[in-house]
Amino acid sequence: ASTRRFAFTVIELVVIVVILTMLFVLLLSGLPRAKQKAQNQQCVNNLKQVGLAFRLWNNDGYKYPMQYPNIRGGSMDSATNGEICWTFVVMSNELNTPKILVCPSDVRKPVVNFGPGFANSNVSYFVGVTADETQPQMLLSGDRNLTNGPLPPNRLLLLTTNSAPGWNHELHRFRGNVALADGSVQSLDIPRLRTAFTNAGNSTLLAFP
């Protein structure tokens, strides 16, 4: 009996190579997007825990730690003097770990505890110094790449009703996440950030790490 041999033609080989190349390119192009999506979701989860910690810290009233002076167990003095990390130290029992204070898209590194080594450089999130639980749309916390111009030495940014805040290229590439006083977390591009700030209807003072 004769033996028949099957072989690919040159055209068939070219088609196979092209298809495999296209699949490889699609796979590689999808990996960064998948990674960014996962990092953004983790950042959202971090801010949900941060927002919950603020609410648990003072569940008998409407003020947050940065609205009580240091001598009364708050962080007002530190927050207004460029040491926003102290706000999170005050809430350490509610936060449990400082690892959630670093966005996975950030180059900053978390520390394992709230001891002497913990500093602004281990925090990715700003704090809304004037946030008010009775004003649910006010900014309570969010990604540190929010901007409205250069920060002064005390790292405080005052946003008035005439401000047009945005995001810089750090962390989420001209996007960011914010935790509101109502406990929600939103992922926003620049137009939606400005809409959210306008809807809040209040000037706000933000302290940055």
Side-chain angles (χ1 to χ4, degrees), residues 32-58 61-67 75-76 79-80 82 84 87-88 91 95 100-108 120 123-152 154-209:
R33 287 195 296 269
K35 181 179 179 181
Q36 291 169 13
K37 184 176 180 180
Q39 289 176 333
N40 187 72
Q41 185 57 52
Q42 184 58 55
C43 180
V44 168
N45 293 340
N46 288 352
L47 282 170
K48 286 181 178 179
Q49 294 182 68
V50 169
L52 179 61
F54 274 112
R55 297 166 73 88
L56 291 175
W57 187 85
N58 190 20
Y62 300 108
K63 291 186 177 182
Y64 300 113
M66 55 280 189
Q67 293 153 5
S75 64
M76 179 188 295
T80 54
I84 193 58
T87 296
F88 299 108
M91 297 193 301
L95 290 166
I100 65 170
L101 299 176
V102 175
C103 170
S105 298
D106 204 343
V107 297
R108 297 187 174 190
N120 280 359
V123 178
S124 296
Y125 305 120
F126 68 77
V127 166
V129 177
T130 52
D132 187 340
E133 196 174 77
T134 65
Q135 301 292 323
Q137 296 303 302
M138 291 191 72
L139 301 181
L140 177 59
S141 189
D143 286 314
R144 66 179 180 86
N145 61 317
L146 188 150
T147 182
N148 194 48
L151 286 174
N154 62 4
R155 308 195 63 76
L156 293 176
L157 176 63
L158 177 63
L159 296 178
T160 68
T161 53
N162 295 321
S163 298
W167 304 105
N168 63 28
H169 68 281
E170 296 183 79
L171 305 189
H172 304 288
R173 298 185 183 182
F174 301 103
R175 295 179 63 90
N177 302 309
V178 294
L180 304 181
D182 66 359
S184 67
V185 176
Q186 299 183 10
S187 295
L188 306 172
D189 56 17
I190 292 176
R192 291 176 62 203
L193 170 66
R194 293 175 178 173
T195 298
F197 178 68
T198 300
N199 291 341
N202 296 83
S203 297
T204 186
L205 185 65
L206 307 180
F208 286 77

- prompt: Counting only N and O atoms by type, is there a donor-acceptor contact under 3.5 Å from the side chain of Asn199 to the main-chain atoms of Thr195?
  reply: yes
statement: Taken to the nearest 0.5 Å, the spacing of Ser124 OG from Glu170 CD works out to 10.0 Å
task: State, to 0.1 Å, how close Leu47 and Ala179 come at their nearest heavy-atom pair, and which atoms those are.
output: O-CB, 4.1 Å
query: Counting distance only, does the side-chain N/O of Arg194 pair as donor-acceptor with the main-chain N or O of Ala164 below 3.5 Å?
result: yes
message: Would you say that His172 contacts Cys103 through its side chain, given a criterion of any heavy-atom pair below 4.5 Å between the two side chains?
response: yes
Contact check, side chains of Leu52 and Gln49, non-hydrogen atoms, under 4.5 Å: no
- line: Arg108 and Val123 have their tightest heavy-atom pair at NH1-O, 2.7 Å
query: Does the Thr80 side chain pair with the main chain of Met76, one donor and one acceptor, at a distance under 3.5 Å?
result: yes
task: Go through Arg144 and Tyr125 one step at a time and tell me if the side chain to side chain contact (heavy atoms under 4.5 Å, CB included) criterion holds.
output: CA-CA 5 Å; Arg144 66 179 180 86; Tyr125 305 120; over 6 Å; no
task: Measure across Ala79 and Leu156 and return the closest heavy-atom pair with its distance rounded to 0.1 Å.
output: O-CD2, 3.6 Å
task: Flag the pair Val50 / Phe88 as yes when at least one side-chain heavy-atom distance between them is below 4.5 Å, and no otherwise.
output: yes
- line: For Ile190 and Pro165, the nearest pair of non-hydrogen atoms, with its separation, is CG2-O, 4.1 Å
message: Using a 3.5 Å distance criterion without hydrogens, assess whether the side chain of Gln67 forms a donor-acceptor pair with backbone atoms of Val129.
response: yes
field: Sidechain N-carboxylate O distance under 4.0 Å for Lys63, Asp132
entry: no
statement: OH of Tyr64 to CZ of Arg55, rounded to nearest 0.5 Å, is 6.0 Å
task: Find the distance between CG (Leu193) and CG (Asn148) and round it off to the nearest 0.5 Å.
output: 9.5 Å
query: Step by step, would you call Thr130 with Thr204 a side chain to side chain donor-acceptor pair (under 3.5 Å)?
result: CA-CA 6 Å; Thr130 52; Thr204 186; 3.2 Å; yes
field: pair Ser141-Val178: side-chain heavy atoms closer than 4.5 Å
entry: no
Minimal non-hydrogen separation, Asp182 against Ser184, with atom names: OD1-OG, 2.7 Å
query: When rounded to the nearest 0.5 angstrom, what is the spacing between CG in Asp106 and SG in Cys43?
result: 9.0 Å
task: For Leu146 and Leu157, run side chain to side chain contact (heavy atoms under 4.5 Å, CB included): C-alpha distance rounded to whole Å, both residues' side-chain angles, the deciding distance at 0.1 Å, then the answer.
output: CA-CA 10 Å; Leu146 188 150; Leu157 176 63; 4.1 Å; yes
Heavy-atom donor-acceptor pair, Asp143 side chain to Asn177 backbone, under 3.5 Å: yes
- prompt: Using 30° and 60° as the class limits, which term best fits the ring planes of Phe126 and Phe208: parallel, tilted or perpendicular?
  reply: tilted
- line: d(Leu180 CG, Gln135 CD) to nearest 0.5 Å is 12.5 Å
query: Do Ile84 and Arg155 come close enough that some side-chain heavy atom pair is under 4.5 Å?
result: no
query: Do Asn162 and Thr160 have a side chain donor and acceptor closer than 3.5 Å?
result: no
query: What distance separates Phe197 CZ from Met138 CE, expressed to the nearest 0.5 Å?
result: 8.0 Å
- request: Using the side chain to side chain donor-acceptor pair (under 3.5 Å) rule, take Asn46 and Gln42 through it: C-alpha gap first, then chi angles, then the decisive distance, then the call.
  value: CA-CA 6 Å; Asn46 288 352; Gln42 184 58 55; 3.0 Å; yes
query: Donor-acceptor pair, Asn120 side chain versus Gly82 backbone, under 3.5 Å?
result: yes
Close side-chain approach of Met91 and Phe54, heavy atoms under 4.5 Å: yes
message: Side chains of Ser187 and Asn40, heavy atoms from C-beta outward: is any pair under 4.5 Å?
response: yes
